[in-house]
Amino acid sequence: MEEKAESISDGLHPATWVDQYGDYLFRYAVSRLRNSEAAEEVVQETFVAALKHVEQYEGKGVERAWLLGILKRKIIDFIRARNRTSTLMEADSNDISQTLFDRNGNWQKENAAVIQRPLDSLEREEFWRILHACLESLPLKQADVFVLREMDHQKTEVICKELEISASNLWVLLYRARLHLSHCMKARWQQDFIS
Amino acid sequence: MLSCEEISKLVSESFEQKISLWKRLNLRFHLSMCRLCRRFHKDLVHLNQESKHIAEQFEKEVDKESSAKLSEESRDRMKRLLESRSP
């Protein structure tokens, strides 16, 4: 309670934002956008927008959460803008289902291993490193819808509206993303074990 | 009888919405028979759970010494920007 009261009476301190929250917001943005330059851009936009709306901050909640809220909005705007130029079903040059299924739609035998769940924080970091790399190998739109869905837990309607796609398009994109990710992650995990 | 490829689509769809009774029965029956589709289902459950967990970590962890930071250059740029625009 005391802490909360303090942050309300303190209000906002823009001069300390970069040092206090810069890296935090940057890491968050990188986790969603997978690109340092893009992340820097949205963090800067967040600070500028926050400064513009300082009067609207009514001391509700802590400064960090307030800034994060603005950043989340900026990230969605960024994702929308960068997907506007990509066609709906972006050329998926190596159609993953052809690798994973035979002509009759049965699994190819070699894809039988299962995704390992991380057991501790070290393994979790490794899991994230691999997931991040696998997301990077996906067509942009597939990766972005996966992140919006599984990391941000955005509702179907929100994603569809922001990316201007139908629900069934979204499900196809998610399906392809999941198929690719499960394959990619198992392959990389095995690679890491051997090397 | 649906193929594994068709079942894998149903698995993914079932995470997005309540699928029809017919699809649900097909899915359940197939999964009870097919080890590889069960694995795929399990993979997606793990993938979703871990993605969620990782996302929460990024929101919670304010100080994380070892990981990525803003470059000095952009840090300075943002500070100057905030200073110049401060009321």
Side-chain angles (χ1 to χ4, degrees), chain A residues 14-15 17-28 30-32 36 39-40 43-44 47-48 51-52 54 64 68 97 100-101 104-107 109 111-118 124-125 127-128 131 146-147 149-153 156 167 170-172 174-175 178-179 181-182 185-186, chain B residues 1-17 34-71 73-87:
Chain A
W17 283 351
V18 177
D19 284 331
Q20 267 202 288
Y21 311 115
D23 291 335
Y24 166 75
L25 295 172
F26 176 67
R27 280 194 293 270
Y28 186 96
V30 171
S31 79
R32 301 307 198 262
S36 304
E40 280 185 3
V43 170
Q44 180 165 319
F47 287 143
V48 171
L51 205 55
K52 233 183 261 176
V54 162
R64 175 166 68 87
L68 182 63
S97 45
L100 294 180
F101 299 102
N104 301 319
N106 297 316
W107 294 102
K109 274 281 179 298
N111 299 305
V114 73
I115 291 182
Q116 303 292 316
R117 282 202 76 185
R124 186 155 276 134
E125 263 178 45
F127 189 99
W128 170 237
L131 177 57
F146 182 85
V147 167
R149 191 84 186 90
E150 302 300 350
M151 292 184 75
D152 280 351
H153 289 277
T156 300
L170 173 62
W171 294 335
V172 171
L174 282 172
Y175 169 66
R178 286 165 175 155
L179 204 56
L181 286 175
S182 69
M185 292 200 63
K186 286 188 277 199
Chain B
M1 184 77 188
L2 293 174
S3 70
C4 292
E5 187 172 3
E6 288 164 315
I7 289 295
S8 71
K9 285 178 185 158
L10 280 190
V11 169
S12 181
E13 193 189 335
S14 71
F15 286 105
E16 298 309 315
Q17 63 164 352
C34 177
R35 195 170 48 94
L36 295 183
C37 282
R38 276 204 300 280
R39 281 188 173 175
F40 180 67
H41 181 261
K42 204 173 188 177
D43 280 344
L44 292 199
V45 170
H46 287 172
L47 191 58
N48 290 353
Q49 283 174 345
E50 287 310 314
S51 302
K52 182 171 181 236
H53 188 90
I54 288 164
E56 285 166 359
Q57 291 297 106
F58 274 103
E59 191 149 342
K60 268 187 267 171
E61 281 173 9
V62 184
D63 296 307
K64 201 157 183 267
E65 281 309 315
S66 60
S67 50
K69 289 182 188 327
L70 274 175
S71 65
E73 198 191 337
S74 53
R75 186 185 297 273
D76 288 344
R77 190 183 62 236
M78 287 181 205
K79 278 185 183 174
R80 281 199 304 274
L81 195 68
L82 282 177
E83 229 166 82
S84 69
R85 299 202 185 179
S86 275

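Just so it is clear, the structure is predicted and the values come from calculations on it, not from any experiment. Labels below follow one simple rule: chain letters A, B, ... track the order of the sequence lines, proteins then strands, and each chain is numbered from 1.
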> Do NZ/NE/NH1/NH2 and the carboxylate oxygens of A:Lys186 and B:Asp43 come within less than 4.0 Å?
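Salt bridge present between A:Lys186 and B:Asp43.
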> Considering non-hydrogen atoms only, spot the tightest contact between B:Ser3 and A:Gly105 and give its length.
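Of all heavy-atom pairs spanning B:Ser3 and A:Gly105, the closest is CB-O, 3.7 Å.
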> Less than 4.5 Å to any heavy atom of chain A: does that hold for the side chain of B:Glu6, its backbone, both, or neither?
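Neither part.
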> Dump the intermediate steps for side-chain contact (heavy atoms from CB on, under 4.5 Å) on A:Gln116 and B:His46, then the final yes or no.
CA-CA 8 Å; A:Gln116 303 292 316; B:His46 287 172; over 6 Å; no
> Do A:Asp19 and B:Arg75 touch side chain to side chain, with heavy atoms closer than 4.5 Å?
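Side chain of A:Asp19 against side chain of B:Arg75, heavy atoms only: contact under 4.5 Å found.
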> Taking side chain as everything from C-beta outward and backbone as N, CA, C, O, which of these in A:Leu131 sits under 4.5 Å from a heavy atom of chain B? Side chain, backbone, both or neither.
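Interface part for A:Leu131: side chain.
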> I need the B:Asn48 CG to A:Met151 CE distance, nearest 0.5 Å.
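Going from the CG atom of B:Asn48 to the CE atom of A:Met151 covers 12.0 Å.
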> At a 4.5 Å cut-off on heavy atoms, which part of A:Asn106 comes close to chain B: side chain, backbone, both, or neither?
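Both the backbone and the side chain of A:Asn106 come within 4.5 Å of chain B.
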> Sort out for me which of B:Glu13, B:Arg77, B:Glu56 touches chain A most, counting heavy-atom pairs under 4.5 Å.
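Winner by heavy-atom pair count: B:Arg77.
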> When you look at A:Glu40 and B:Ser71, which way does the side-chain hydrogen bond (donor to acceptor under 3.5 Å, both in side chains) test go after all the steps?
CA-CA 9 Å; A:Glu40 280 185 3; B:Ser71 65; 3.2 Å; yes
> Any idea how B:Phe40 and A:Trp107 line up, ring-wise: parallel (<30°), tilted (30 to 60°), or perpendicular (>60°)?
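Correct class here is tilted.
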> Below 4.5 Å from any heavy atom of chain B, which atoms of A:Leu179 appear? Answer side chain, backbone, both or neither.
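A:Leu179 touches chain B through backbone and side-chain heavy atoms alike.
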> Do any N or O atoms from the side chain of A:Arg178 and from the backbone of B:Ser12 form a donor-acceptor pair under 3.5 angstrom?
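The answer is yes, because a donor-acceptor pair under 3.5 Å joins these two groups.
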> Side chain, backbone, both or neither: which part of A:Asp152 has a non-hydrogen atom closer than 4.5 Å to chain B?
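For A:Asp152, there is no contact with chain B at all, as no heavy atom is under 4.5 Å.
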> Would you say the ring centroid of B:Phe15 lies under 6.0 angstrom from that of A:Trp171?
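Ring centroids of B:Phe15 and A:Trp171 are no less than 6.0 Å from each other.
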> Can you say whether B:Leu70 sits under 4.5 Å from chain A via the side chain, the backbone, both, or neither, judging by heavy atoms?
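The answer is both parts of B:Leu70.
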> Where does B:Gln17 contact chain A at under 4.5 Å (heavy atoms): side chain, backbone, both or neither?
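Only the side chain of B:Gln17 comes within 4.5 Å of chain A.
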> Please check this pair: side chain of A:Tyr24 against backbone of B:Glu59, looking for a donor-acceptor N/O pair closer than 3.5 Å.
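Yes, A:Tyr24 side chain to B:Glu59 backbone: donor-acceptor pair under 3.5 Å.
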> For A:Arg124 and B:Gln57, test the side chains for any donor-to-acceptor distance below 3.5 angstrom and give the result as yes or no.
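Per modelled atom types, A:Arg124 and B:Gln57 side chains form no pair under 3.5 Å.
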> Kindly determine whether A:Ile115 and B:Lys42 satisfy side-chain contact (heavy atoms from CB on, under 4.5 Å), including the steps that lead there.
CA-CA 8 Å; A:Ile115 291 182; B:Lys42 204 173 188 177; over 6 Å; no
> Answer yes or no: is there a side-chain heavy-atom contact under 4.5 Å between A:Glu150 and B:Leu47?
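A:Glu150 does not reach B:Leu47 side chain to side chain.
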> Looking only at non-hydrogen atoms, find the nearest pair between B:Lys9 and A:Tyr175 and report the distance.
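B:Lys9 and A:Tyr175 have their closest heavy atoms at CG-CZ, 3.3 Å.
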